[in-house]
Q: 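Mind having a look at this structure? Questions to follow.
Computed from a predicted structure; not experimentally measured. The sequence lines fix the lettering, A, B, ..., with proteins before strands; numbering per chain opens at 1.
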2 protein chains.
Amino acid sequence: MTNLVNNVIFSFMRLSTKSRYGVRAVFDISYHGGGDGVQVKDIARRQEISPRYLEQIFQKLRDAGIITSKRGPQGGYSLARKPQNIKVGEIIRVTEGGFDPVFCINPEKSGKHCDRIAECVTRLIWKEAGEKLEDFFDSVTIQDLCDRAERLGVQKEQDRSSMYYI
Amino acid sequence: MTNLVNNVIFSFMRLSTKSRYGVRAVFDISYHGGGDGVQVKDIARRQEISPRYLEQIFQKLRDAGIITSKRGPQGGYSLARKPQNIKVGEIIRVTEGGFDPVFCINPEKSGKHCDRIAECVTRLIWKEAGEKLEDFFDSVTIQDLCDRAERLGVQKEQDRSSMYYI
DNA sequence: GTCTTTCTTGACTAACTTAGTAAATAATGT
DNA sequence: ACATTATTTACTAAGTTAGTCAAGAAAGAC
């Protein structure tokens, strides 16, 4: 009888799937769509993400002005701006809600209040950490990710419209 | 009828209470205990944290060699090292499990494997973010927090043993 | 103008994590 | 012996995550 211990250590300073999938999806639109709209089902297949779930994430990204959508046949999603003008930080702000590691940094946004603010020595440390994270993610653009992918040799998929003519 | 919208924005790149309480508790031992043991009930009262919950956190901190404990009357917890040798990053590593924002950075630790590692352009970004966070938290010590508290004018509480003689 | 494709919106849910509570026990000092 | 304080293990309610499901609306093809 195996003594399987249930103490796998997780890390909890973590990003939700919404952010991770969101960044990968925007990258996918940029990398595989050559300016044309890219369809949810193709992104879902390439990135191995549930198409239904992806639609929820795209909703937020569209409302935030990061991507645009077009319905109907040959519809799909496109970048609202050039990839060098889309920061990874933007995407995370939209999908994750921000970078504050604790709620008390931003009482209005979190809707929670802490009475100990005046005497709290840790609060400013958390705040500074969140700012460092935000600065870092704002320094990386979707174009940077595409450049990386090329260097890694990730194959660009031909878009469907050109496949029709093979 | 108020149209109360249920869309309070949370931030999820967040620290759990275990880390937040953990750092505050170690600070409290350093600041209010003058080298003597500090009891759970006093820390819990000053920091407004459930004493039972605090005990769980102290267990991890003790196992990690950050604090030491003594049972029985006049028992309590003390720092295992000088406050200038205890990094905030250490406490978070113990209570939070690390700084990886996503599991795929560290497959052995997380116990989860991702097939997409070879082609994943986002993974190294997450990794770098986690390292920045770790470096920052490792640059802050408990002594730094105590210095801050003094500058803020946080009152040091007399320890109980001296109170007996008033 | 109907049909198909594709995005849009909102409701719903199972599994998991968090933030604790509770109870019995063991060590230590008086 | 007795009171005090930490130790260990088990348990739980509430909330969050990571989705699924279903009905609808716009746009183009025919």
Side-chain angles (χ1 to χ4, degrees), chain A residues 5-22 25 29 33 36-45 48-63 67-78 95-97 102-103 110-112 160-161 164, chain B residues 5-22 25 29 33 36-45 48-63 67-78 95-97 102-103 110-112 160-161 164:
Chain A
V5 187
N6 193 15
N7 66 347
V8 177
I9 299 172
F10 295 102
S11 167
F12 292 119
M13 193 74 190
R14 67 152 192 271
L15 287 161
S16 70
T17 54
K18 280 197 162 64
S19 302
R20 296 194 281 121
Y21 293 176
I29 295 173
D36 300 342
V38 181
Q39 291 166 12
V40 166
K41 65 174 179 216
D42 290 324
I43 303 169
R45 175 178 44 78
E48 298 175 85
I49 300 171
S50 147
R52 305 261 201 196
Y53 193 45
L54 210 41
E55 274 163 0
Q56 291 184 10
I57 298 168
F58 280 162
Q59 213 46 238
K60 294 189 175 196
L61 294 173
R62 192 177 62 92
D63 293 347
I67 58 176
T68 57
S69 58
K70 193 180 162 207
R71 294 203 268 202
Q74 314 338 314
Y77 291 96
S78 313
T95 50
E96 204 78 6
V102 300
F103 67 87
S110 69
K112 293 180 186 175
R160 296 174 61 79
S161 49
Y164 288 138
Chain B
V5 187
N6 192 14
N7 67 348
V8 177
I9 298 172
F10 295 102
S11 168
F12 291 119
M13 194 74 192
R14 66 152 192 271
L15 287 162
S16 70
T17 54
K18 280 198 161 66
S19 301
R20 296 194 281 122
Y21 294 177
I29 294 173
D36 298 343
V38 182
Q39 290 166 12
V40 165
K41 66 174 179 215
D42 290 325
I43 303 169
R45 173 177 46 76
E48 297 175 87
I49 300 171
S50 146
R52 303 263 200 194
Y53 193 47
L54 210 42
E55 274 165 0
Q56 291 184 11
I57 299 168
F58 281 162
Q59 211 48 239
K60 293 188 177 198
L61 295 172
R62 192 178 61 94
D63 292 348
I67 57 177
T68 56
S69 59
K70 194 179 161 205
R71 294 205 269 203
Q74 312 341 309
Y77 291 96
S78 314
T95 50
E96 204 78 7
V102 300
F103 66 88
S110 69
K112 294 181 187 176
R160 296 174 61 79
S161 51
Y164 288 136

Q: Whole-Å distance between dT18(C) P and Arg14(B) CZ?
A: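 Rounded to the whole Å, the gap is 7 Å.
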
Q: Please determine whether a side-chain nitrogen or oxygen atom of Tyr21(B) lies at a distance below 4.0 Å from atom OP1 or OP2 of dG20(C).
A: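 Answer yes for this pair, as a side-chain N or O of Tyr21(B) is under 4.0 Å from OP1 or OP2.
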
Q: I'd like to check the side-chain hydrogen bond (donor to acceptor under 3.5 Å, both in side chains) partners of Thr17(A); sequence neighbours left out, ordered by chain and number.
A: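 Residues passing side-chain hydrogen bond (donor to acceptor under 3.5 Å, both in side chains) with Thr17(A): Tyr53(A).
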
Q: Reckon Phe58(B) touches a base, only the sugar-phosphate, or nothing at all at heavy-atom distances under 4.0 Å?
A: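 Contact class for Phe58(B): none.
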
Q: For Pro51(A), give me all partners under side-chain contact (heavy atoms from CB on, under 4.5 Å), at least two apart in sequence or on another chain.
A: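 Partners of Pro51(A) under the side-chain contact (heavy atoms from CB on, under 4.5 Å) test: Val40(A), Ala44(A).
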
Q: Provide the full list of salt bridge (Lys or Arg N to Asp or Glu O under 4.0 Å) pairs with a residue in residues 52-63 of chain B, sequence neighbours left out, each pair given once.
A: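 Every pair satisfying salt bridge (Lys or Arg N to Asp or Glu O under 4.0 Å) with a residue in residues 52-63 of chain B: there are none.
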
Q: For nucleotides 26-28 of chain D, tabulate all protein N/O to nucleotide N/O atom pairs closer than 3.5 Å, reporting atom names and distance.
A:
| from | atom 1 | to | atom 2 | distance (Å) |
| --- | --- | --- | --- | --- |
| dA26(D) | O4' | Arg71(A) | NE | 3.2 |
| dA26(D) | O4' | Arg71(A) | NH2 | 2.9 |

Q: The criterion is ring-ring contact (aromatic ring centres under 6.0 Å, His included); which residues satisfy it with Phe58(B), sequence neighbours excluded?
A: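 Listed in chain order: Tyr77(B).
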
Q: Taking only residues two or more places apart in sequence, or in another chain, which ones meet Glu48(A) in a side-chain hydrogen bond (donor to acceptor under 3.5 Å, both in side chains)?
A: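 Only Arg116(B) meet the side-chain hydrogen bond (donor to acceptor under 3.5 Å, both in side chains) criterion with Glu48(A).
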
Q: Take the protein atom CD1 of Ile57(A) and the nucleotide atom C1' of dT9(C), then report the distance between them rounded to whole Å.
A: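 Going from Ile57(A) (CD1) to dT9(C) (C1'), I get 16 Å.
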
Q: Calculate the interatomic distance between Leu54(A) atom CG and dT8(C) atom C1'; express it in whole Å.
A: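 Roughly 14 Å, once rounded to whole Å.
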
Q: For Arg62(A), report the nucleic acid contact type (base, sugar-phosphate, nothing); a contact means any heavy atom under 4.0 Å.
A: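 The answer is sugar-phosphate, as Arg62(A) gets under 4.0 Å only of primed atoms, P, OP1 or OP2.
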
Q: Between Asp63(B) (CG) and dT9(D) (P), how many Å, whole number?
A: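 After rounding, the reported distance stands at 11 Å.
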
Q: If you take all heavy atoms of Leu54(B) and Ala25(B), which pair is closest and at what distance?
A: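 Nearest pair, atom of Leu54(B) first, then Ala25(B): CD1-CB, 4.0 Å.
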
Q: Whole angstroms only, please: what is the CZ-C1' distance between Phe103(B) and dT17(C)?
A: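 So the two atoms are 16 Å apart, to the nearest Å.
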
Q: In this structure, how many angstroms lie between the P atom of dA10(D) and the CD atom of Gln59(B), rounded?
A: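 Roughly 14 Å, once rounded to whole Å.
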
Q: Provide, to the nearest angstrom, the distance between the NZ atom belonging to Lys60(A) and the P atom belonging to dG10(C).
A: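 Those two atoms, NZ and P, are 14 Å apart.
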
Q: Any protein N or O atoms within reach of nucleotides 21-24 of chain C? Criterion: under 3.5 Å, listing atom names and distances.
A:
| from | atom 1 | to | atom 2 | distance (Å) |
| --- | --- | --- | --- | --- |
| dT21(C) | OP2 | Ser50(B) | OG | 2.5 |
| dT21(C) | O4 | Gln56(B) | NE2 | 2.7 |
| dA23(C) | N7 | Arg52(B) | NH1 | 3.3 |

